[in-house]
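Please read the structure below before turning to the comments.
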Amino acid sequence: MRFRAAVMHEIGAPLAIEQVETTPLQAGDVMVRIRAASICHTDLDVLEGELSYPLPMVLGHEAAGVVAEVGPGVTTPAVGDHVVLSWNPHCGHCFYCEQNQPILCEPYVRNRARGLHFDGSHRLALNERPLHVLMYLGAFAEYCIVPAQSAVPVPSEIALDRACLIGCGVMTGFGAATHIAPVRWGSTVVVIGCGAIGLSAIQGARLAGAGSILAVDINDHKLEVAQALGATQLCNAEREDPAAMARAISHGRGADYVFEAAGNERAFRVSVETVRPGGQVVWLGKVNVQQQVSFRWGTLMGERRIVRSSYGGARPQRDFPRLARAYLQGELKLDELITRRIGLDGINEGFADLKSGQAIRTVIEFPA
Ligand SMILES: [Zn+2]
Ligand SMILES: [Zn+2]
């Protein structure tokens, strides 16, 4: 089968829309017709060479669609199911899976780094040469062949252009607040960085019953969105001191929980300066893997808990349908995260939007 995909050929160069070919489905494979895919910072990190992957590659790991075909042995999902894609399939029986840490699953981490399918082979080709995919998906394409575990059914009532957001940014931020921390009722929360992940951490904290939520960013529009999604105080870090504001709403102690979702050195420093002694910091952002990040030791003294999370403790089969239902019930807001809608041909503009810092999420829509 042939279909269109946005292919990354070299670091920093625009993606090229190409006709790619698939192999027949193998045992455990699912073919999903993509209906909506959004651009996440990790896609940009790969395009800019901040994360190193083999090329050529199809990026895209935050997407939703409809199951078009299933390979031998697949019982779930079924053809016609509406699915949100998960980028964390796992084997279920390695050292880390046995520790209940599927995000560290050994075959998962190994094959992910090589841009391969979960079984260590390719499913896509371009001009008869193997084509890699990002995080088992490669969703900037009309179709995606994924492990069955990665195609997670959600209620068909949720519009797929909203549902796609659940697959990475929303899960990561919401899960950080509700699974990793988890935020306790009445507590004081700071969220640094109001992109899709930070805004979802705000929503998770709100639904967990946080008493006050201070949103920090340098973009006033994003702070307005943060307020609409549950932030009770706003801090533009270009004009105000986040640590002083955190103390002002916590009897001078600092926040009980701080979520860092900005992905720069200053944000990591601010995260440990705004938490109270004995409080918890959850790091969600990332910088170049070679970059050093330094802290004044005094900001780490005493006692505090610092956790790094990449998928918010996701259990996609459990969490994606819950998040979809929370949206349908009006508890979780997703519409506010979408800044722009484009077609696959406009994908390079979508990347430019994200890089500019103006976009929260640009959604690529595919005709039904
Ligand atoms: Zn992502
Ligand atoms: Zn495993």
Side-chain angles (χ1 to χ4, degrees), residues 6 8 28 34 36-48 50-51 53 57-64 84-113 115-120 133-140 144 146-150 152 163-176 193 195-201 259-263 283-287 308-317 319-320 323 334 337-339 347 350-351 353-355 359-364:
M8 173 180 170
I34 299 297
S38 40
I39 306 174
C40 169
H41 264 281
T42 301
D43 300 304
L44 183 62
D45 289 342
V46 176
L47 183 61
E48 297 195 321
E50 301 283 333
L51 290 171
Y53 280 95
M57 171 174 272
V58 181
L59 305 176
H61 65 282
E62 190 176 276
V84 170
L85 301 186
S86 151
W87 50 261
N88 182 214
H90 61 285
C91 76
H93 49 72
C94 70
F95 173 84
Y96 289 107
C97 284
E98 293 288 3
Q99 313 277 335
N100 202 19
Q101 293 175 309
I103 198 71
L104 300 174
C105 168
E106 286 169 334
Y108 163 80
V109 170
R110 182 167 59 242
N111 293 330
R112 177 179 146 179
L116 301 175
H117 209 267
F118 200 72
D119 65 3
V133 294
L134 183 63
M135 294 155 90
Y136 302 96
L137 305 177
F140 296 152
C144 223
V146 303
Q149 271 185 46
S150 286
V152 181
C164 70
L165 305 171
I166 290 172
C168 181
V170 169
M171 179 71 246
T172 302
F174 195 93
I197 291 178
L199 292 169
S200 302
F259 298 91
E260 181 285 325
W283 285 338
L284 300 166
K286 53 189 173 316
V287 293
R308 155 85 194 152
S309 173
S310 56
Y311 208 2
R315 286 301 188 128
Q317 269 69 12
D319 296 334
F320 289 4
L323 289 164
L334 297 174
L337 302 181
I338 300 176
T339 331
I347 190 165
F351 272 90
D353 285 347
L354 189 66
K355 190 173 180 184
I360 297 173
R361 278 293 190 258
T362 297
V363 174
I364 301 164

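This is a predicted model, so every value here is computed, not measured. One-based numbering, in listed order, for ligands and for the atoms of each.
In this model, no donor atom of one side chain and acceptor atom of the other lie less than 3.5 Å apart for S310 and K286.
Look at H61 and the Zn ion (ligand 1): an N/O/S atom of the residue is under 2.8 Å from the metal. Backbone or side-chain N, O or S atoms of C91 reach the Zn ion (ligand 2) at under 2.8 Å. Among the backbone and side-chain atoms of C97, an N, O or S atom lies under 2.8 Å from the Zn ion (ligand 2).
The aromatic rings of Y108 and W87 sit parallel to each other, their planes meeting at less than 30°, with 60° as the upper class boundary. Note: F320 and Y311 have perpendicular aromatic rings, judged against thresholds of 30 and 60 degrees for the angle between ring planes.
The structure places CG of L334 at 11.0 Å from CG of L199, a figure rounded to the nearest 0.5 Å.
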